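In what follows, a single structure is set out as C-alpha cells and then discussed.
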Amino acid sequence: MPPRPDSPTSPAESVRSILRKMFFPGPPLRIFKILPFLVIAGLFSVHSTVAMDIVINGQHRAVIVLPEAASPVAQYAARELQTHIELATGAHLGITLEQQAADDLGHIYIGPCVATEKAGIRVNALPVNAFCKKTTKDAIFLAGNDGTGVPPGDDLTSMGSLFAVYDWLENQVGARWLWPGDTGTVVTHTQDVSSGPEDEQTVLPPLIHTRLRIGFGYNDMNEAVGSRYMLESNIWLRRHRIARGTNLDYPHAFEQYWDRYGQDHPDYFALRPDGKRAPVGPDGHLVQMCVSNPGLHQLIISNWLKNRHNLPPRPWINGCENDKTALDPSCNCEACRAWDSSEGTVSLSNRYARFWLALQAEGRKHDPEATVIGLAYAGYSQPPQGIALNDHIVIGIVPPYYFPLEEKDRDAFRELWNGWAKTGARLFLRPNYFLAGYCMPFIFSAEFGEEFQYAAQHGMVATDFDSLTGMWGVQGPNLYLLGRLQEQPEMKIASILDEFYSGFGPAAEQVRAYFSHWEQVTRKMNADFLKDHKGGWAAISRDGDVIYTPDSFREGRRILEEAGRAATSSADAAQRVEFLSIWLTHAELSMKTLAAFHALQAKPKEQNLKAAFAEAKESLDHYRLEHAAVFTAANMAVLRRLEMWSGWRKTAEIKEP
C-alpha cells in the first residue's frame, strides 16, 4: 500500500513512484520523452534509432497480430489500432492470429502471446492497467495486464494492452480525443507511419483508480438513447485511460438500513432534536446514523464480512454516511456529541474520524488488513482536530464549493487537503464539480487544473468525479483537461489546453479566444451572484440567464464566426467549429427559455408572456430533436431533470421522448 503522507517517503510522492519501487526495485532506466509536451507516467525505456515501417506511401507494411486465445481487451485494442491507423493514413492493416502471421510483413503484437514471452515481456508481474511497449527492427509489442472483462464498458477490468495501444497512437500518429465520435478524434494525416525508435518502456498508472461517473439521470433515457450515450462516453473515457484499477465505488453506506433495521433497532439511527430516532420524511435513505453506537459498528462489520467478496469487489469497510438535506439532522445523542471536538467547532469531523477508527478496530478482529473508506463531506468536510488516522483509512475529499473560485476558496482547498493528509489517511479527490454548468459554456479549466495538480503533488492516490454530463460542445476544455490530467497528472495545464485548441487547426486561436470569452462570463458566478441566488450545481439551470445574457451570446457568436472563416481551409477544423456552433445555439435557446419563464413568473397573468414562454420551450425541444445525432454522447436527460427542478418543465417531461 502507498505510504502514509507523514512517512519518510515524501508526501508529494505519487502512486506511480511507489509502484516503480514495488515492481522495479533496481536502478531506474533512462526516462525517454517521446514528444516535448508529453511525459509518460511511470516510464522506463532504452532506445536506439532503428525503426520498423508500418505504412509507406499509404500502403501497409505491417499486420496486427493477436494471440490464439486473445482476450476481449486485446481484441478491442487491435480494432482501435486498426481504425486509427486507417484514419491517419488510409491504409487498412489486417488483424491475424499469431500462428497465421505472414513473415513478409512487420508484426504489431497486441496482448501477451508466445512472441511477447520470447521477447522477455512478463505482463503478469505488472500492476492493474500497466503495460509494456517494446519496439524492435521487425516487431512492435503492445502488451499489458489484461483482465477478462469486455471494454470499453467494463472499467473494472484491467486494460493494460488497450492502454498500450492508446499510448502508442498518441506518440506515432498524434491521436487526440477532444470529445466522443469521429469529429472529436484528431490524428496526423500522413502517408507514412513508422514504429518509432527501437525501444522498450514500462508504463505504470499514476493513480490506483480514476473515474468520471456517467450514470446520473440514466434511468430517464429510453434504452436506445441510453445505450448509445453510455457507449460513446465509455469509449472516450477508456481512450483517456480512465478506469477503476482498484474499485472505489462505495455508495452512501446506510441508505437501506432504515427499511431493514429501523423497526427493531431505532437506536442505530440519529437522535433528532425532537427526541425521535427516525427519518425526517417518508424516504429513509437520507436518515443519519448514530455513529457512536457499538451495535451499529458490529452490524456494519457483519454485513462487510458477508458481502466483501461479492461482485463488483468491495473489499473495504464502507463508512460513507448517507447523503442529507438541511432537514436531516445528525445524531444529537450524548455519546455522539462526546465524540465531537472540544474546541467548540460545529464540524462533525472528529465524530466521523472516531467512527472510522471504531469500524477499523472491529474489522481488525477478523482481518488485520481491514481498511475503511469514508468521505470528508458536508458537515464533516473539515479535517479533524487532534485525531490520528492511518493508511488503512481512505478518505474521499468532497470540497464544499464549485468553480469558479474566489481566492479564499483556493486557500481553503489547500488547507482542507493538507489537514486531512496530516491525519495519515490516504486521500482521493471526490468532487461534484462537473455536475455544474447546465448546458452552458461554463469554463473553469485552468482553475481546476491547478487544484487537481496540487492534490496530485500532495499524496492523492485516486479520483472519483461526479459527473460526466457530456456537454462536449460548450465545456470541452474542462472535460479534455480532466481526461488528460488523470492519465498525465504532471503535464502542464497550458500544454493540455494547447493540445485541445490545436485540434481546430487554422482556427485554433479563434477557438481559444471563444472559450476565453466564456471563461470571463463564467467568472460572473461570483460571491455577489451566490449572495442573490442559491449556489450548488443547479445554480446555472435555475438562474443562469442573469449571467448568460443576449449580449454575451452575441459576442460568443461573433468570435465563433471568425473561427468558422479561419477554418475553411481544413475540413476537419470546419466540422469541429460547426460542432461548437450547434452547441452554442442550443445554449442560447436554453437561456431564452429560462428567461421567458422568469418573465412569466413575474407576471403570470400576461398572455403574451405565456405565449413567449411556450414558443421558446417548443423551439428548444425541437432543436434538441433535430440535432439528436450531435447530442448522442450528451446526457440530455439530466438537462430535463434540471429544468424540472427549476420549475419550467413538468415531471413527466424528464423522460426521453
Side-chain angles (χ1 to χ4, degrees), residues 179 216-218 220-222 224-226 228-229 435-443 467-476 514 518 521-522 525 533 537-557 560-561 577-604 606-657:
W179 54 75
F216 187 82
Y218 179 77
D220 296 334
M221 298 181 183
N222 68 44
V225 172
R228 187 66 182 176
Y229 159 70
L435 284 168
Y438 184 39
C439 56
M440 293 300 105
F442 188 73
I443 304 301
S467 273
L468 177 59
T469 61
M471 303 297 121
W472 301 100
V474 283
Q475 297 165 17
Y514 171 74
W518 289 116
V521 173
T522 300
M525 198 180 92
H533 307 276
W537 61 272
I540 297 300
S541 57
R542 186 176 54 246
D543 295 308
D545 54 327
V546 176
I547 295 173
Y548 294 92
T549 62
D551 284 346
S552 72
F553 281 108
R554 277 190 287 272
E555 178 62 9
R557 179 68 64 186
L560 200 57
E561 287 174 352
V577 172
E578 176 61 19
F579 180 80
L580 300 185
S581 181
I582 291 170
W583 276 93
L584 178 61
T585 300
H586 174 259
E588 189 170 13
L589 289 172
S590 298
M591 281 297 102
K592 282 183 178 179
T593 306
L594 182 60
F597 174 67
H598 285 159
L600 178 59
Q601 279 186 310
K603 297 180 179 180
E606 295 285 341
Q607 293 302 315
N608 62 323
L609 296 180
K610 287 183 181 180
F613 168 62
E615 181 181 356
K617 180 181 175 185
E618 183 180 359
S619 296
L620 173 61
D621 288 345
H622 176 76
Y623 193 83
R624 287 181 180 175
L625 287 173
E626 183 183 11
H627 293 88
V630 174
F631 301 141
T632 184
N635 188 344
M636 305 307 281
V638 77
L639 299 186
R640 290 189 295 276
R641 185 174 288 272
L642 285 167
E643 291 156 3
M644 184 268 290
W645 289 346
S646 298
W648 63 262
R649 193 177 289 282
K650 296 177 181 178
T651 304
E653 295 179 84
I654 67 173
K655 293 291 183 181
E656 189 76 39

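Remember, predicted model here, so these are calculated numbers, not experimental data. Scope of the values below: all heavy atoms of this structure, side chains included, with no hydrogens, waters or symmetry mates.
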I'd like to check the side chain to side chain donor-acceptor pair (under 3.5 Å) partners of Thr549; sequence neighbours left out, ordered by chain and number.
none
Go through the structure and list residues passing side chain to side chain donor-acceptor pair (under 3.5 Å) with Thr585, not counting sequence neighbours.
Arg557
Please list every donor-acceptor pair under 3.5 Å in which a side-chain atom of residues 650-657 meets a protein atom from a residue at least two apart or in another chain.
from, atom 1, to, atom 2, distance (Å)
Glu653, OE1, Lys617, NZ, 3.0
Glu653, OE1, Arg649, NH1, 3.2
Glu653, OE2, Lys617, NZ, 3.0
Glu653, OE2, Lys650, N, 2.8
Lys655, NZ, Asn219, O, 3.3
Glu656, OE1, Arg640, NH2, 2.8

Taking only residues two or more places apart in sequence, or in another chain, which ones meet Glu555 in a salt bridge (Lys or Arg N to Asp or Glu O under 4.0 Å)?
Arg558
According to side chain to side chain donor-acceptor pair (under 3.5 Å), who are the partners of His627, at least two apart in sequence or on a separate chain?
none
Residue set satisfying ring pair (Phe, Tyr, Trp, His ring centres under 6.0 Å) with Tyr438, at least two apart, ordered chain then number -> none
Got a sec, which residues hit side-chain contact (heavy atoms from CB on, under 4.5 Å) with Ala616, two or more places apart in sequence or on another chain?
Thr593, Ala596
With sequence neighbours left out, write down each residue that passes side-chain contact (heavy atoms from CB on, under 4.5 Å) with Val638, or none if nothing qualifies.
Phe216, Thr469, Asn635
Using the test side chain to side chain donor-acceptor pair (under 3.5 Å), find all partners of Asn608 that sit at least two apart in sequence or belong to another chain.
none
State which residues pass ring pair (Phe, Tyr, Trp, His ring centres under 6.0 Å) with Tyr548; sequence neighbours excluded, sorted by chain then number.
Trp518
Kindly write out the residues that satisfy side-chain contact (heavy atoms from CB on, under 4.5 Å) with Ala539, not counting sequence neighbours, or none if the list is empty.
Met525, Phe529, Arg542
In terms of heavy-atom contacts, does CD of Gln601 have more than 12 from other residues, nucleotides or ligands at under 6.0 Å?
yes
Hits for ring pair (Phe, Tyr, Trp, His ring centres under 6.0 Å) against His622, two or more places apart or cross-chain, chain-then-number order -> none
